[in-house]
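Take a look at the structure below.
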Amino acid sequence: MTANAAKLLIEHYVDNFRRLPWRSPPGEPAADPYHVWLSEVMLQQTTVATVKPRFERFVQRWPNVDALAAANDEDILQEWAGLGYYARARNLIACAREIARRGRFPTTATQLRELPGIGAYTSAAIAAIAFGENAAAVDTNVARVIARLNRLKRPAPGEVERLVLEMMPEDRPGDFVQAMMDLGATVCRPKPRCPECPLRGDCAAFACGQAENFPERAVRAARPHRQGIVYWIERAGAVWLVRRPARGLLGGMVALPGSEWSDAKTLPVNAIASVRHVFSHFTLDLAVVSHAEPEGEGWWQPLDAIGTAGLPTLYGKVVAAVLASDSRLAA
Ligand code: SF4
């Protein structure tokens, strides 16, 4: 790889960077660490298009980390509803409170990593973008670009980080990290657009005409199946909602009452609706059955205000399926 590669990459970034509400344009003062942190947590497993409006609402409601730390858990979880991976929201709350307790954001990747929910990638991204540290922020996109540039099928642990640091210009770590992220997201995609790429003269995988074959794709294990029952308890235009236990999947989120989820293979035949939802590590089939009496501690949520209840996507799907079903009225 030529020493010119980083320069070409940053020039391309200056001309093509994605304007995102948590970013500073290239060459301008660094972005607010609160914005970088919040966006990076939201972007874990969620697309940029989904995150953009949610990020804007979040910072409008809680403009800084102290305001977020002082908010109550239920309001934050409700604002997070629909973004999925709710452990992130619980870590976000714990992290905001720890930063508020310390009085300011830690400024190095090593210190940032001590905070709840901040791993190697997020700590390096915040340190490089907000604080100008030469830290290697390696997500899936960046790992793919580096593997192709260096024609690596299965990079050894730590090898990608080392190669990122070798390529990173000391005076512009923030722009470099964001340029790599943008290149991986828009040009060096799983199906690469090499003719548009500023690095094609430096790319070993392109040179051998096999860009798409690098890195080697991991074989995914089959996703297991689980099943469960949800109770639809409706009275006078309202439905009975509960809050899930604080720990575990969807912990602390608003939900419809129901059974535990298990590997059992039998669902009830009297279901008024059914829903399939794919989590990252299993597929869930829920059967919705009508129930007369309230189950567990909860409250009556008017159906015409169901959109403000803070239901996560899974239960939003259940409500939509029931409301679209004729059997609900017949039950
Ligand atoms: Fe990726 Fe192609 Fe650019 Fe190489 S030339 S970095 S494979 S887009």
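Just so it is clear, the values below take in all heavy atoms, side chains as well, and ignore hydrogens, waters and symmetry mates. For reference, positions follow the sequence shown, starting with 1. In each ligand, atom 1 is the first atom listed, and ligand 1 is the first ligand listed.
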Open item on the list: Quiz question: by atom type and distance under 3.5 Å, do the side chains of Tyr121 and Gln44 form a donor-acceptor pair?
Closed with: no

TODO: Check each atom of ligand 1 against the heavy atoms of Cys203 and keep those under 4.0 Å away; list them by number with element.
DONE: 4 (Fe), 5 (S), 6 (S), 7 (S)

TODO: Sort out for me which residue in Val230, Leu256, Leu241, Val288 forms a side chain to side chain contact (heavy atoms under 4.5 Å, CB included) with Val319.
DONE: Leu256

- [ ] Give the residue and atom name of whichever protein heavy atom lies nearest to atom 1 (Fe) of ligand 1, and the separation in Å to one decimal.
- [x] Cys188 SG, 2.4 Å

Task: Qualifying residue for salt bridge (charged side-chain N to carboxylate O under 4.0 Å, His left out) with Glu212, from Arg148, Lys191, Arg189 - done: Lys191

Open item on the list: Counting non-hydrogen protein atoms only, what is the nearest one to atom 2 (Fe) of ligand 1? Give residue, atom name and distance.
Closed with: Cys194 SG, 2.3 Å

Task: Nearest neighbour in protein (non-hydrogen) for atom 3 (Fe) of ligand 1 - done: Cys197 SG, 2.4 Å

Open item on the list: Salt bridge or not between Arg162 and Glu166? Use side-chain N to carboxylate O under 4.0 Å.
Closed with: yes

Open item on the list: Testing the 3.5 Å rule here: is there a donor-acceptor pair between the side chains of Gln78 and Trp80?
Closed with: no

Open item on the list: Taking 4.0 angstrom as the limit and counting only heavy atoms of Arg148, give me the atoms of ligand 1 inside it, by number and element.
Closed with: 7 (S)

Open item on the list: Do the side chains of Glu114 and Arg102 get close enough for a salt bridge, i.e. N-O under 4.0 angstrom?
Closed with: yes

Open item on the list: So if I count the atoms of ligand 1 from 1 in the order they appear, which ones are less than 4.0 Å from some heavy atom of Ala211?
Closed with: 7 (S)

- [ ] Using a strict 4.0 Å cut-off to heavy atoms of Arg200, name the atoms of ligand 1 that fall inside it.
- [x] 5 (S)

